[in-house]
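Following: one structure in structure tokens, then a few remarks.
Each residue takes its place number in the sequence, starting with 1. Reckoned from all heavy atoms, side chains included, excluding hydrogens, waters and symmetry mates.
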Amino acid sequence: LTKDGKALIKNICNSAGLEHRCIPGKFTEYIKEKKRGIIGYGPYEFVNIYSSASFIVTSTFHGLVFAIIFNKPFIVLKREDNGRWAKYDDRLVDLLVKLGLEERYVSQNTPFNNKWLTLDYSQVNRTIEQWRLDSVDYLKNALISAKNTISTANVLQIMNLKSKNPPIDNYSIEKCVGCGACSQICPVSSISMTANFEGFLYPECDYNICTSCGMCNKVCQINHVLEGVTKGLKNNFVAISKIKDIWNNAASGGVAGTFATYAINNLNALVFGCRLNANIFAEHISITKSCEIKMIQGSKYVQSNLNNSYKIARNALQHDQHVLFFGTPCQIAGLQNFLGKNYAKLITVDHVCHGVPSPSFFRKCTDYYAKQGNIKLLKFRRKVGIPRSKSAYCLYIEYENGKSIKVPSKCDAYYSLFMKGMDFRESCYICKFAKTERCADITIGDCDSAIRYPELKKGFSKSIILLNT
């Protein structure tokens, strides 16, 4: 509190005939409370002082919340401390504005206003009650989705299939990785990948079409952990691409782009990778030309939609064409389960995966930035420095109008939650691929120990290559 703030509180007490009480933060305040018989402030004393107050002056979010809960007239004092605590006032202001109480947010040098002493809570309480109902609905939907992602109307039909071979035995939302192998293998197309309330794709079966053939069970990673397919580490390297354009467009050392270049130019391979399309939506595509490699380069910190990639890859392999497939470890495992056998001309490359956030959450992020114009290009990593040698965790966006912005990862809600591992798919938190034994032929990722290899392009971003076969 400033001197003005203390004077304002004294003025309120004198004008309304109220006794000044406070939650002690200083020794002198503690002594005053002790004289009233209150030795310490635990949860009971903390809540009680708010519930028994006639008027509340606060500068904290919790003080505001308790004032609203107990329907007390109040004011919120601005924290005038040159930014030390003032930066935390945003959520105070946000709540006040949403409740139509923004006039209760006042400077500490504001003269006393007698209107502060009364407050009609009728509209405020109606708004809060609607928020509570919305929250309950959200939790109910979350619990229903967690129990089963299929539509509730089909539950009885699922139970009737017990005597046969029900689609996806032992299915659970916690274990499903969303690879879509079950959907792509279904001979009658009864399974579709549908977004749940969080925006992650999960299988949903139309039991009016399903023939209970059991093919989905055979390819599901929940029931088959690829025993005998996982490989141990054979060798490892630190690498950087010699192709300048490939390295410039890469998140780190440009290894994926170099692999793709070789596969297309020397093996006439069909290459699969993730791109952000014109709608800034992450999806797997297949490419056959060197000029298309740029589309699948760079990190995309969101789960990609595989669409029919497994089917297209299988068709190419059956026609004796080389296939190079990039993906997360679980996407590679889904491909191998889908194929059901080894192909000599298949090369799989997974990356060291941090986890995958929701495509819907990512859409909200891009929609926010799209308010400034149509997005032409979005990158999660960008080479920085002079020369541009290091890779920064920075959201870089180019607009069609020529404007561009750079947002550090910690300054963007989506990016910062990703970095902290707080917005992943449920299965990511129990990932069975987070170990040295891999299911892909090759594993690639950022080289975080590059400082140990100064003889290899010192100061430049590098990649690791783990050979598993």
Side-chain angles (χ1 to χ4, degrees), residues 43-44 46-53 56 58 60-74 76 88-102 104-105 119-159 168 171-176 178 192-205 302-303 355-368 413-414 416-418 420-430:
Y44 173 81
F46 182 87
V47 174
N48 185 63
I49 198 170
Y50 281 102
S51 65
S52 58
I56 293 173
T58 184
T60 70
F61 181 76
H62 291 95
L64 169 61
V65 169
F66 277 111
I68 293 171
I69 288 173
F70 293 118
N71 282 193
K72 303 293 183 179
F74 69 89
V76 177
Y88 297 108
D89 274 11
D90 286 352
R91 60 177 181 169
L92 287 163
V93 175
D94 183 59
L95 180 58
L96 288 168
V97 170
K98 287 180 177 178
L99 292 174
L101 299 173
E102 56 268 29
R104 297 266 162 177
Y105 184 62
L119 178 56
D120 182 5
Y121 269 93
S122 54
Q123 181 56 47
V124 172
N125 289 336
R126 282 194 293 270
T127 301
I128 292 174
E129 182 58 28
Q130 186 58 52
W131 290 352
R132 287 177 178 144
L133 293 173
D134 292 343
S135 298
V136 170
D137 287 341
Y138 177 87
L139 291 172
K140 284 180 178 178
N141 290 332
L143 291 171
I144 291 171
S145 182
K147 186 175 181 182
N148 205 326
T149 59
I150 60 171
S151 59
T152 351
N154 289 330
V155 170
L156 292 176
Q157 289 177 298
I158 299 170
M159 295 173 67
I168 313 176
Y171 175 80
S172 72
I173 195 171
E174 294 84 4
K175 296 179 181 179
C176 176
S192 58
M193 299 302 292
T194 305
N196 74 340
F197 73 103
E198 288 183 310
F200 291 107
L201 296 179
Y202 289 91
E204 183 172 307
C205 184
V302 61
Q303 187 165 32
V356 290
S358 156
S360 292
F361 186 19
F362 181 53
R363 170 57 61 198
K364 290 183 179 180
C365 169
T366 56
D367 284 348
Y368 171 77
Y414 177 87
S416 61
L417 287 172
F418 167 78
K420 295 174 183 177
M422 297 174 66
D423 60 349
F424 297 160
R425 190 183 183 95
E426 289 294 325
S427 58
C428 293
Y429 298 105
I430 54 171

*Apply the test side-chain contact (heavy atoms from CB on, under 4.5 Å) to residues V76 and D89: give CA-CA distance (whole Å), side-chain angles for both, the deciding distance (0.1 Å), then the verdict.*
CA-CA 10 Å; V76 177; D89 274 11; over 6 Å; no
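- For S51, the side-chain contact (heavy atoms from CB on, under 4.5 Å) partners two or more places apart in sequence, or in a different chain, are N48, F70.
- Across all non-hydrogen atoms, the minimal contact from F424 to Y429 is N-OH, 3.1 Å.
- At a threshold of 4.5 Å between non-hydrogen side-chain atoms, the residues H62 and Y50 do not count as touching.
- Residues satisfying the side chain to side chain donor-acceptor pair (under 3.5 Å) test with N125, not counting sequence neighbours, are N71.
- Rounding to the nearest 0.5 Å gives a distance of 8.5 Å between CZ of F61 and CG of D94.
- Among residues two or more places apart in sequence or in another chain, the side chain to side chain donor-acceptor pair (under 3.5 Å) test is passed with D137 by none.
- Between I56 atom CD1 and I49 atom CD1 the span is 9.0 Å, to the nearest 0.5 Å.
- For F200, there are no ring-ring contact (aromatic ring centres under 6.0 Å, His included) partners, not counting sequence neighbours.
- How far CG of D134 is from CG of L139: 11.0 Å, rounded to the nearest 0.5 Å.
- For the ring-ring contact (aromatic ring centres under 6.0 Å, His included) test, residues two or more places apart in sequence or in another chain that qualify with F361 are Y414.
- The two residues Q303 and V356 make their nearest non-hydrogen contact at CB-CB, 3.7 Å.
- Residues satisfying the ring-ring contact (aromatic ring centres under 6.0 Å, His included) test with Y138, not counting sequence neighbours, are F197.
- C428 and G355 get closest at one heavy-atom pair: SG-CA, 4.0 Å.
- Scored by the side-chain contact (heavy atoms from CB on, under 4.5 Å) test, S192 finds T194, E204 as partners (sequence neighbours excluded).
- Counting only heavy atoms from C-beta outward, the side chains of S358 and R363 never approach each other to under 4.5 Å.
- At least one side-chain heavy atom of M193 sits under 4.5 Å from a side-chain heavy atom of P203.
- When the side-chain contact (heavy atoms from CB on, under 4.5 Å) test is applied to S122, the partners found at least two apart in sequence or on another chain are D120, R126.
- Shown here are the side chain to side chain donor-acceptor pair (under 3.5 Å) partners of T58, two or more places apart in sequence or in another chain: T60.
- Residues S360 and G199 approach most closely at OG-CA, 3.1 Å, considering heavy atoms.
- Nearest heavy-atom pair across Y121 and K72 is OH-O, 2.7 Å.
- Scanning both residues, P359 and V302, for their nearest heavy atoms gives CA-CG2, 3.7 Å.
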*asked:* I'd like to know whether L119 forms a side-chain contact (heavy atoms from CB on, under 4.5 Å) with L101, so could you lay out the CA-CA distance, the side-chain angles of the two residues, the decisive distance to 0.1 Å, and finally the verdict.
replied: CA-CA 10 Å; L119 178 56; L101 299 173; 3.9 Å; yes
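- Listed by chain and number, the residues in a side-chain contact (heavy atoms from CB on, under 4.5 Å) with K364 amount to none (sequence neighbours excluded).
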*asked:* Please evaluate residues L99 and W131 with respect to the criterion side-chain contact (heavy atoms from CB on, under 4.5 Å), reporting the C-alpha separation (whole Å), side-chain torsions for both, the decisive distance (0.1 Å), and the verdict.
replied: CA-CA 11 Å; L99 292 174; W131 290 352; 3.6 Å; yes
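- Every residue two or more places apart in sequence or in another chain was checked for a side chain to side chain donor-acceptor pair (under 3.5 Å) with R104, and none qualifies.
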*Working for side-chain contact (heavy atoms from CB on, under 4.5 Å), residues M422 and S416*: CA-CA 9 Å; M422 297 174 66; S416 61; over 6 Å; no
